[in-house]
Number of protein chains: 2
Amino acid sequence: MSLRKRKNHSPKPPQDCPLLTCTSVIGGAWTPSIIWYLSGGPRRFTELKGDIPPITARVLTKRLRELEEQGIVDRHVMPTSPPSVEYTLTDLGRELLPAIQAIVDVGTRLQALGAQDAPR
Amino acid sequence: MSLRKRKNHSPKPPQDCPLLTCTSVIGGAWTPSIIWYLSGGPRRFTELKGDIPPITARVLTKRLRELEEQGIVDRHVMPTSPPSVEYTLTDLGRELLPAIQAIVDVGTRLQALGAQDAPR
DNA sequence: ATCTGTGGTATCCGATCGGATACCCAAGGA
DNA sequence: TCCTTGGGTATCCGATCGGATACCACAGAT
């Protein structure tokens, strides 16, 4: 006997899927970390680089440019010598913080529960 | 004049970074969607496939296997003909829901704010 | 006897991603 | 005079990702 078809009792299918909208912003490598570190206030390029040692300048630049283009961060060049550049979360960017925070919280709980996650 | 060094006033550097712990679980393509659809209760392979039309069987299989290995979902084969397979979130898997929900919420807010996110 | 549905697997392939490395300019300091 | 610093850019490259497509076994329905 084969199974009867079952109706969709899952949450209804998001149309212009909010999941994709959000993950398209925070999906890049190191993006959540960058936003996390910016949540503490303005931060300069090399500071971020130091905050996230494994990131390369190339990728950090790329992420920051993407985030700037999406209106998540502001880029502000200061007329020092050598010039320094300060990045800040915009109001829109701060909208992301609850999600980042939730991801951090869950990550923490997973670690506490000893989830056997092989690091990739 | 160059800038003085600034101390790290950001949230302190997570050691075994919870961000990475969590994103290593939910980071794969379609993974958040899969978890989202499983949050409504057990769901079979073809149901999930129907829930997420763009996903291919290959990727769906891969994701489900990964999630199973990580203890996020249970896979239960039912002795019907043809055999059907039911996937369920484990307790550990349900831990992820707040993060998924937060991502959905933020995505919704971003859409409402008319964020200019070019779909990739 | 053949068709259908389920839950996949096997293979191929191009795109993208991101790490490594080298290089750049201009001003200030040693 | 040369070195260092900040904030990058240019190029190269291998790994991975994931889409497309084809195929499969088996039982029940027609």
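What's counted below: heavy atoms across the whole structure, side chains too, no hydrogens, waters or symmetry copies.
- A donor-acceptor contact under 3.5 Å is not formed by the side chain of B/Arg44 with the base of C/dG7.
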Would you be so kind as to tabulate the donor-acceptor pairs closer than 3.5 Å made by side chains of residues 26-33 of chain B, with sequence neighbours excluded?
{"unit_1": "B/Thr31", "atom_1": "OG1", "unit_2": "B/Gly28", "atom_2": "O", "d": "3.0"}

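- The CG atom of A/Leu64 sits 12.5 Å away from the CD atom of A/Glu69 when rounded to the nearest 0.5 Å.
- Rounded to whole angstrom, the span from the CG atom of B/Leu64 across to the P atom of C/dT9 amounts to 10 Å.
- Each of D/dG18, D/dT9, D/dG6 was ranked by its minimum atom distance to the side chain of B/Ala29; first place goes to D/dG18.
- Distance from the side chain of A/Thr56 is smallest for C/dA20 among the nucleotides C/dG18, D/dG7, C/dA20.
- Remark: P of D/dG7 and CD of A/Glu86 are 10 Å apart, rounded to the nearest angstrom.
- A/Lys62 has its NZ atom 14 Å from the C1' atom of C/dA20, to the nearest Å.
- An OP1 or OP2 oxygen of D/dC17 is reached within less than 4.0 angstrom by no side-chain nitrogen or oxygen of B/Trp30.
- One atom, CD1 of A/Ile55, and another, P of C/dG18, lie 9 Å apart when rounded to the nearest Å.
- Residue B/Arg43 contributes atom CZ, which lies 15 Å from atom C1' of C/dT6 at whole-angstrom precision.
- At the phosphate of D/dG6, neither OP1 nor OP2 sits under 4.0 Å from any side-chain N or O atom of A/Tyr87.
- Contact check, A/Thr61 against D/dG8: no side-chain N or O comes under 4.0 Å of OP1 or OP2.
- If you take CG of B/Leu20 and C1' of C/dG18, they are 15 Å apart, rounded to a whole angstrom.
- When rounded to the nearest whole Å, the span between CG of A/Leu60 and C1' of D/dA10 equals 17 Å.
- Note that CD of B/Glu68 and CD1 of B/Ile72 are 11.5 Å apart. Values are rounded to the nearest 0.5 Å.
- Between D/dC17 and B/Arg63, no contact under 4.0 Å exists linking OP1 or OP2 to a side-chain N or O.
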Side-chain donor-acceptor distances from residues 93-107 of chain B under 3.5 Å, at least two apart:
{"unit_1": "B/Arg94", "atom_1": "NH1", "unit_2": "B/Leu89", "atom_2": "O", "d": "3.2"}
{"unit_1": "B/Arg94", "atom_1": "NH2", "unit_2": "B/Asp91", "atom_2": "OD1", "d": "2.7"}
{"unit_1": "B/Glu95", "atom_1": "OE1", "unit_2": "A/Arg109", "atom_2": "NE", "d": "2.5"}
{"unit_1": "B/Glu95", "atom_1": "OE1", "unit_2": "A/Arg109", "atom_2": "NH2", "d": "3.2"}
{"unit_1": "B/Glu95", "atom_1": "OE2", "unit_2": "A/Arg109", "atom_2": "NH2", "d": "2.8"}
{"unit_1": "B/Gln101", "atom_1": "NE2", "unit_2": "B/Asp105", "atom_2": "OD1", "d": "3.0"}

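- One finds a side-chain N or O of A/Thr46 lying less than 4.0 angstrom from the OP1 or OP2 phosphate oxygen of D/dG7.
- Between the NZ atom of B/Lys49 and the P atom of C/dG5 there is a distance of 15 Å, rounded to whole Å.
- Closest to the side chain of A/Arg58, out of C/dG8, D/dG8, D/dA10, is D/dA10.
- Between B/Arg65 and C/dT9 there is a side-chain N or O to OP1 or OP2 distance below 4.0 Å.
- Ranking C/dA27, C/dG19, C/dG8 by closeness to the A/Val59 side chain, first place goes to C/dG19.
- Distance check, rounded to the nearest 0.5 Å: CG of B/Leu19 to OG of B/Ser24 gives 11.0 Å.
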